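These notes concern the structure reproduced below.
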Number of protein chains: 2
Amino acid sequence: MPAEISHNTDDPASAAPLGTAIDRLPADLRPDARRNRERVLKAAREVFAAQGIDAPMSTVARRAGVGVATLYRRFPTRSALLAAAFDDQLAECATVFEEALADPNPGHGLYTLLETVCTTLVTDRGFDTVFMTGFPEALDCGRERACAEAGLNHLVQRALDAGQLRKDFDTADIPLLLLAVSGLAGQPPETALPAARRLLTYLFQSFQAHPPSRPGPLPPAPRMDLTGPHRTDGV
Amino acid sequence: MPAEISHNTDDPASAAPLGTAIDRLPADLRPDARRNRERVLKAAREVFAAQGIDAPMSTVARRAGVGVATLYRRFPTRSALLAAAFDDQLAECATVFEEALADPNPGHGLYTLLETVCTTLVTDRGFDTVFMTGFPEALDCGRERACAEAGLNHLVQRALDAGQLRKDFDTADIPLLLLAVSGLAGQPPETALPAARRLLTYLFQSFQAHPPSRPGPLPPAPRMDLTGPHRTDGV
DNA sequence: ACGTAAATGGACGGCACCGTCCACCTGACC
DNA sequence: GGTCAGGTGGACGGTGCCGTCCATTTACGT
């Protein structure tokens, strides 16, 4: 089938193929459509947070009180929905990141940053996967991510220079820590959250350049069940 | 349909309903069946290790070079297959556990135990989920697990008494550590393995009762990508 | 060699989810 | 009020996996 490499060149609409509604700005939407869009996003956030990003689309639609067609019209692919649903949280994440960079005390900035991110990671199952996988297809992760990595390097370097981190600390220890924390994400939030805090504390005490002879206090240890869902997939 | 509550009472074989092959000891199997059984187990270990315990049964069957019916005949449910497939590793795990309990130096025993377990966790994706969820349905986890927990308590207590662990260490920190390590399980083994070792070292340095003023060396930091599969599922 | 029961593989119906299509509403504009 | 593009919901075909059923093959005892 060599000739006519798709692109159906005879269709005049091919210049603006999908120009009906999908790629329109939310502001141009008819009010009812706009309202439904918001409902879908809200439902998506809730469902993905609870069940993970593999939750059936129909579940999201039902929860939003709309049909699947409406959902697919606004967000043609799961990735599109995910990107839109987690956009706020990702932006918030970026804000915290900037704050950390601006903190005069790099060690403190780093700790606060990680504490915030980890809290979200462990509380929102969907955000966990989205953040961790970086979603190559959904986000312009190229620039974004490179920039984040550069910022992280800078932050770590400052903390090292300030003598707040042990000399053999490596920037790669940050993703390491994030992955470790996201391992707790399967637990129910009420145990995962204190667990994450305790883990973070343990690790930060290890990261210190000159640990005090008597280590600082730990947040309380939750009763870990680990007979829980762990991750295999949806509820 | 009140009368005759199934059980087709007229069938004389109903006394030993399924006594054909499923519940027979492997030894009584016909040699070809026995060989196939082994093939299936081998394939299951490989596939589950690589793809996780949700891998399609047909994949296992194909890899074993048998039909699905053969697989289901030997292992009527996925859990049964999992239990059989991971039985060896679980037993080996128990052995290492006993060795740890027998170690005159409790801290060293604990460390070795965890290092071994973590290595397996991070290398074998299927074992990770099986071990972590404990598989209530598949294993007689009741006694087994209670016993393990008791042993763990004992081990930790001995290490505490020996002054090898900080006073605020809690037995729950062990599952915490395991979960954290299993968070690395999504990474490809060649980075997950060094990552796990480094994480373990960091944590153990934090667990110490009296950390030296200059902390011990760390195993090398792997290049962490975290744009990897992470976990969502499938390949 | 032959009969029988165990063993096998692939086909099949069932199910859950995906993503599209279409016939029917509805809000904006004349 | 009428028109119509934009919006909607549910039905529908497609796909992948599950677990069973059955016609055929294979090993073992005689």
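All chains are named by letter (A, B, ...) in the order of the sequence lines, taking the proteins before the strands, and each is independently numbered beginning at 1. Please read these numbers as outputs of a predicted model, since none were measured by experiment.
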Can you tell me how far [atom2] of [N] sits from [atom1] of [X], to the nearest Å?
X: R39(B); N: dT8(C); atom1: CZ; atom2: P; answer: 10 Å
X: D54(A); N: dG16(D); atom1: CG; atom2: C1'; answer: 15 Å
X: Q51(B); N: dC17(D); atom1: CD; atom2: P; answer: 10 Å
X: L29(B); N: dA5(C); atom1: CG; atom2: C1'; answer: 14 Å
X: E38(A); N: dG7(D); atom1: CD; atom2: P; answer: 14 Å
X: R62(B); N: dA11(C); atom1: CZ; atom2: P; answer: 13 Å
X: L71(B); N: dA7(C); atom1: CG; atom2: C1'; answer: 14 Å
X: D28(A); N: dC29(C); atom1: CG; atom2: P; answer: 13 Å

Which residue lies toward the 5' end of DNA chain C, T70(B) or A69(A), if each is placed at its nearest nucleotide?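 Of the two residues, T70(B) wins.
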
Say you draw a straight line from OH of Y72(B) to OG1 of T77(B); how long is it, rounded to the nearest 0.5 Å?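 Those atoms lie 8.5 Å apart.
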
Atom OG in S182(B), atom CG in L121(B): separation rounded to 0.5 Å?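 The distance works out to 6.5 Å.
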
Is the distance from OP1 or OP2 of [N] to the nearest side-chain N or O of [X] less than 4.0 Å?
X: R34(A); N: dG7(D); value: no
X: N36(A); N: dT8(D); value: yes
X: S58(A); N: dC17(C); value: no
X: R73(A); N: dT8(D); value: no

Any donor-acceptor pair under 3.5 Å from R45(A) side chain to A85(A) backbone: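 Indeed, once roles are kept as given, a pair shorter than 3.5 Å links the two residues.
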
Are the side chain of R39(A) and the backbone N or O of R63(A) linked by a donor-acceptor pair below 3.5 Å?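 Absent.
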
Applying the side-chain hydrogen bond (donor to acceptor under 3.5 Å, both in side chains) criterion to D32(B), which one of R35(B), R34(B), R30(B) satisfies it?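 In the set R35(B), R34(B), R30(B), the residue that makes a side-chain hydrogen bond (donor to acceptor under 3.5 Å, both in side chains) with D32(B) is R30(B).
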
Would you classify V68(B) as touching base, sugar-phosphate or nothing, given that sugar-phosphate means primed atoms plus P, OP1 and OP2, and contacts are heavy atoms under 4.0 Å?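 Here V68(B) touches the bases of the nucleic acid.
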
Over all strands shown, is A33(A) touching base, sugar-phosphate only, or nothing at heavy-atom distances under 4.0 angstrom?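 Sugar-phosphate contact only - A33(A) comes under 4.0 Å of backbone atoms but never of a base.
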
Taking K42(A) first and then E46(A), would you say they form a salt bridge - that is, a charged N and a carboxylate O separated by under 4.0 Å?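 Yes, this pair counts.
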
Proximal nucleotide (of dG10(D), dC18(D), dC18(C)) relative to the P56(B) side chain: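 The closest nucleotide is dC18(D).
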
N/O to N/O distances under 3.5 Å, protein versus nucleotides 27-30 of chain D:
none

By nearest heavy atom, map M57(B) and G67(A) onto DNA chain D; which one lands nearer the 5' end?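 That would be G67(A).
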
Return the minimal non-hydrogen interatomic distance between L179(B) and M132(B), and the atom names on each side.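 So the two residues come closest at N-CE, 3.5 Å.
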
